[in-house]
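What follows is a set of notes on a single structure, which appears directly below.
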Amino acid sequence: MPHPLATSSSEEMGPALTPSPDLLLPRSIADKDLSLPNGTPVDTSSPASSSSLLNRLQLDDDLDGETRDLFVTVDDPKKHVCTMETYITYRVTTKTTRAEFDLPEYSVRRRYQDFDWLRNKLEESQPTHLIPPLPEKFVVKGVVDRFSEEFVETRRKALDKFLKRITDHPVLSFNEHFNVFLTAKDLNAYKKQGMALLSKMGESVKYVTGGYKLRSRPLEFAAIGEYLDTFSLKLGTIDRIAQRIIKEQLEYLVELREYGPVYSTWGGLEVELSEPLEGVSACIGNCCTALEELSEDMTEDFLPVLREYILYSESMKNVLKKRDQVQAEYEAKLEAVALKKEDRPKVPTDVEKCQDRVECFNADLKADMERWQNNKRQDFRQLLMGMADKNIQYYEKCLTAWESIIPLLQDKPETK
Amino acid sequence: MEDCLAKKMEITVSEAEKRTGRNAVNMQETYTAYLIETRAIESQSEGQCAPVDSLWRRYSEFELLRNYLSVTYPHIVVPPLPEKRADFVWHKLSADNMDPDFVERRRIGLENFLLRVASHPVLCQDKIFYSFLTQEGGWKEMVNETGFQLKADSRLKALNATFRVKNPDKRFTELKHYSDELQSVISHLLRVRARVADRLYGVYKVHGNYGRVFSEWSAIEKEMGDGLQSAGHHMDVYAASIDDILEEEEHYADQLKEYLFYAEALRAVCRKHELMQYDLEMAAQDLTSKKQQCEELATGTVRTFSLKGMTSKLFGQENPEQREAKIKVLEEQIQEGEEQLKSKNLEGRDFVKSAWADIERFKEQKNHDLKEALISYAVMQISMCKKGIQVWTNAKECFSKM
């Protein structure tokens, strides 16, 4: 009978597979046996550590918030002007009942760099999970003012979304770096400490398994890959269409701004028609304002979310590639063992470990993918309904304006 | 208004037809002919339907009619014709005279012109106008026989020629200024409106792209697919809706154009007054100088410098008989001149009176018509907003089912 571990393919997952006893973890803090291929210790302090299959199967996402025990908000942007640089910080407020936190409430100030640092740390320490994207670091397009109210507000919303997504994740929310990010008064000190540790270990920070080539991606992951390709393509198209619409709307606005005042000029020439013409002029002015608001809303609320999801897809594709690497390594090592043609009673431990990694990765990825799909569906439902709403509001404002001047236009001078 | 033709006769320009024929220099040309149908109204009250008379006319014949009316009734603000060539077009509309949409709008404009003339208390009584509506053959000859072209003053055609009028009626000066300003502001309005239409078209049409991409995206989704697909359909509806919206708006533009051209007619009346006043002042001046000449010859004193006077001094004075003859001629001319001046004065005053009466009528008509046009424009905008709300509400519902 073939050894269960040797023949298990990454496609077959489920309760039928019995993980080896080593992997079922008690809440032990120091378990040196478990480490990632690059030697970084895996976070095992949480009840839902990435190596615990059973725990993961039991864990459910609380979407109703009843058993929510962690709430994070990003708000209150402030500008800091120093000799070397000018930058914005945001207040990050945490409310929690979790035991992992010493206090029930925290309030710290963080800048974009800190969020970027957090994301990198999460990618390193939780490579089998999908890490939410950050808004883009540099703004290249046109002359965008990094300190304008609109830009800062758009960024704030994206950073808030970023932390909320992590908060909602059953594994990521228990990450040590995330905890420090939310609680430490001096994050820079912690950052330096982390860097020092790494340099001591002498390992490269990047998660690289070495050039193993995967022969074929399993069907379900190939399907995910194809889905992501088409998905990001379609989002890209929608982004372009939305931008084009905004551009056309602004050009329409330019003409409207010239159009309205001409009625006013005409009104100045007339006697009896003076009020009606002024009325039409004012009405067009109101429509201009409404249109301006619509374009602003689309620019600030709609486009950034689209772009976020494009970034999300890109990072997810990278995680898929990493998964491929892990599987490739496992298969290569397995092949090497098989070639030795010796009748071994037990498969070498490092091949076992490789198999574990593959299985863990696949499980994490599938769970995250499902979660992502649900969130994506909700996010896009909200986003597109929001877009429809904004357009409805625009037309309602214009309708009100035009309906209100009908009596003015119909007014007969004799009745005054 | 009880006497006007419009009350007695139903007039429509019901059809337009493309024709080919040979023009004056025997070259083949394509033109559009319009069918004018008329029917007496009175007999309808007896429950009988009067027979419909009809004849075909082309645009150039309408032009001839209008020229005739303008020359024959210079004190009247003559209704304008719809534009000869498509102007103030935005990109989707064709500037081609043979374009069916243009022809259709022109048909409506020509009908409107005939109705305007038929409702005018003075113009509707004109025989040439009546023949235009009822007499197919020989109408052109009839018009030319009136000799109206001879009455036409070529000076009126020079739009910007200024006559140095010393005492014009202030009201006409103000009115001319108003008509210039009106032309300018309506032209500006029409130009910008065309650009606005162009841009609005662009906004709506780009939304059609959402239809396609939502459809493609829905193919890779499971639960989201249906909602996306049906929302995409609504985006297509939205994009298509702009065609009808802008088509309707063209009618508003046509209403504005009518008054743009009306401003021209108004200006023409003012110019006519200026011209009459100018001729009057010139005649008065001429009379004064002749009187002066006469006096000088009679008394022998030269008050004013004249080349004749100088040459006669240099080359000798005329003999008494010559002087007598000259004085007699001048006296005759002076008498003629005084009578002419009298009649010109009378003409001028009559003109001012009747012109001003028609101008008052025109002002009321203009205020009424433009108010109606603005109301219909507002109604169009309201309809457009309601359609927009409907489409986006439908799309929102589809999105909610994602």
Side-chain angles (χ1 to χ4, degrees), chain A residues 226-227 230-231 233-235 237-238 240-242 244-245 247-249 251-256 258-259 262-263 265-266 268-273 276-277 279-280 283 287 373 376-377 380-385 387-392 394-403 405-406 409-410, chain B residues 178 181-182 185-186 188-189 192-193 195-200 202-207 209-210 212-214 216-217 219-224 227-228 231 363-364 366-367 370-372 374-375 377-382 384-389 391-402:
Chain A
E226 274 169 37
Y227 170 82
T230 312
F231 178 69
L233 213 73
K234 294 307 148 195
L235 283 194
T237 306
I238 293 174
R240 277 192 300 280
I241 295 171
R244 177 81 188 277
I245 290 175
K247 176 171 172 277
E248 297 282 340
Q249 278 172 344
E251 285 174 350
Y252 171 56
L253 188 61
V254 166
E255 303 299 347
L256 270 188
E258 191 182 328
Y259 185 52
V262 183
Y263 281 100
T265 306
W266 188 358
L269 289 178
E270 300 286 341
V271 176
E272 206 182 301
L273 291 174
L277 288 167
V280 171
C283 198
C287 293
Q373 283 283 12
K376 173 209 79 184
R377 186 177 163 200
F380 275 96
R381 187 195 295 141
Q382 196 182 23
L383 182 73
L384 293 168
M385 281 176 76
M387 169 173 92
D389 244 340
K390 290 185 180 89
N391 277 281
I392 291 169
Y394 159 72
Y395 278 113
E396 279 179 345
K397 285 177 202 163
C398 292
L399 180 66
T400 308
W402 286 106
E403 279 182 335
I405 65 154
I406 293 274
L409 293 175
Q410 288 174 330
Chain B
Y178 166 77
E181 301 267 283
L182 188 67
V185 85
I186 297 183
H188 189 192
L189 194 64
V192 185
R193 194 213 68 90
R195 294 204 303 263
V196 166
D198 211 10
R199 291 301 181 191
L200 190 62
V203 172
Y204 270 74
K205 286 303 176 189
V206 179
H207 279 85
N209 293 327
Y210 273 146
R212 196 168 3 111
V213 74
F214 283 169
E216 292 166 4
W217 181 9
I220 59 166
E221 297 291 343
K222 295 182 192 100
E223 304 107 334
M224 276 169 64
L228 271 177
K363 277 186 188 168
E364 268 196 54
K366 176 206 80 176
N367 287 335
L370 288 174
K371 236 190 221 183
E372 291 296 312
L374 289 175
I375 291 171
Y377 184 66
V379 168
M380 276 183 233
Q381 300 305 306
I382 288 169
M384 179 170 87
C385 290
K386 285 188 174 163
K387 277 189 204 162
I389 292 170
V391 166
W392 282 104
T393 306
N394 291 342
K396 186 178 172 185
E397 221 192 286
C398 295
F399 290 139
S400 73
K401 293 187 183 142
M402 264 166 51

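Keep in mind that this is a model prediction, so the values were computed, not measured. Below, chains carry the letters A, B, ... as their sequence lines are ordered, and counting in each starts from 1.
Contacts between L383(A) and chain B at a heavy-atom distance below 4.5 Å are absent for every atom of the residue. Heavy atoms closer than 4.5 Å to chain A are found in both the backbone and the side chain of L182(B). For A242(A), the parts lying under 4.5 angstrom from a heavy atom of chain B are both the backbone and the side chain. The contact between Q373(A) and chain B is made entirely by side chain atoms (from C-beta outward), counting heavy-atom distances below 4.5 Å. No part of Y394(A) comes within reach of chain B, as not one of its non-hydrogen atoms sits under 4.5 angstrom from that chain. Residue contact with chain B, scored on non-hydrogen atoms closer than 4.5 Å, involves the side chain of I406(A) exclusively.
Most heavy-atom pairs under 4.5 Å with chain B: of the set V280(A), I392(A), L277(A), this distinction falls to I392(A). Most heavy-atom pairs under 4.5 Å with chain A: of the set I375(B), V185(B), V213(B), L189(B), this distinction falls to L189(B). Chain B forms more heavy-atom pairs under 4.5 Å with one residue of T400(A), L384(A), I405(A) than with any other, namely L384(A). In terms of heavy-atom pairs under 4.5 Å with chain B, the best-connected choice from T265(A), V254(A), L235(A), D389(A) is D389(A). Of the listed residues (F214(B), Y178(B), Y210(B)), the one with the most heavy-atom contacts under 4.5 Å to chain A is Y210(B). For the set V379(B), T393(B), L370(B), N367(B), the entry with the most heavy-atom pairs within less than 4.5 Å of chain A is N367(B).
For the pair Y395(A) and V391(B), the minimum side-chain heavy-atom distance is 4.5 Å or more. Contact of the L409(A) side chain with the Y377(B) side chain is not registered, since no non-hydrogen atoms from C-beta on lie closer than 4.5 Å. Taking 4.5 Å as the limit, some side-chain heavy atom of K386(B) sits within range of a side-chain heavy atom of E403(A). Contact annotation: the side chain of R195(B) approaches that of E258(A) to within less than 4.5 Å [non-hydrogen atoms, C-beta and beyond]. Side-chain atoms of W217(B) and I238(A), non-hydrogen and from C-beta on, do get closer than 4.5 Å to each other. Residues R199(B) and L256(A) form no side-chain contact, since every pair of their non-hydrogen atoms from C-beta on lies 4.5 Å or further apart. Looking at heavy atoms from C-beta onward, W392(B) lies in side-chain contact with M387(A) at the 4.5 angstrom threshold. When side chains are defined from C-beta on, E221(B) counts as touching K376(A), because their heavy atoms get closer than 4.5 Å.
Heavy atoms of other residues, nucleotides or ligands lying less than 6.0 angstrom from CD of E372(B) number more than 12.
Between K366(B) and E272(A) there is no salt bridge, since none of the side-chain N atoms of the basic residue sits less than 4.0 Å from a carboxylate O of the acidic one.
Across V192(B) and E255(A), no two heavy atoms sit closer than the pair CG1-O, 3.6 Å. For the residue pair M402(B) and R377(A), the shortest heavy atom distance occurs at O-NE, 3.3 Å. Heavy atoms only, all atoms of each residue included: L399(A) and C385(B) are closest at N-SG, 3.7 Å. Nearest heavy atoms, A388(A) versus K396(B): CB-CB, 3.6 Å.
Taken to the nearest 0.5 Å, the CZ atom of R212(B) stands 8.5 Å off from the OG1 atom of T237(A). For the atom pair E216(B) CD and L233(A) CG, the distance stands at 9.0 Å (nearest 0.5 Å). Between the CG atom of L200(B) and the CD atom of Q249(A) there is a distance of 10.0 Å, given to the nearest 0.5 Å. Rounding to the nearest 0.5 Å gives a distance of 8.0 Å between CD of Q381(B) and SG of C283(A). Taken from CZ in F380(A) to CG in L228(B), the straight-line distance is 9.0 Å, to the nearest 0.5 Å. Atom NZ of K234(A) and atom CD1 of I220(B) lie 8.0 Å apart (nearest 0.5 Å).
Taking E396(A) as the reference, nothing meets the salt bridge (Lys or Arg N to Asp or Glu O under 4.0 Å) condition, with sequence neighbours excluded. With sequence neighbours left out, the salt bridge (Lys or Arg N to Asp or Glu O under 4.0 Å) criterion links R381(A) to no other residue.
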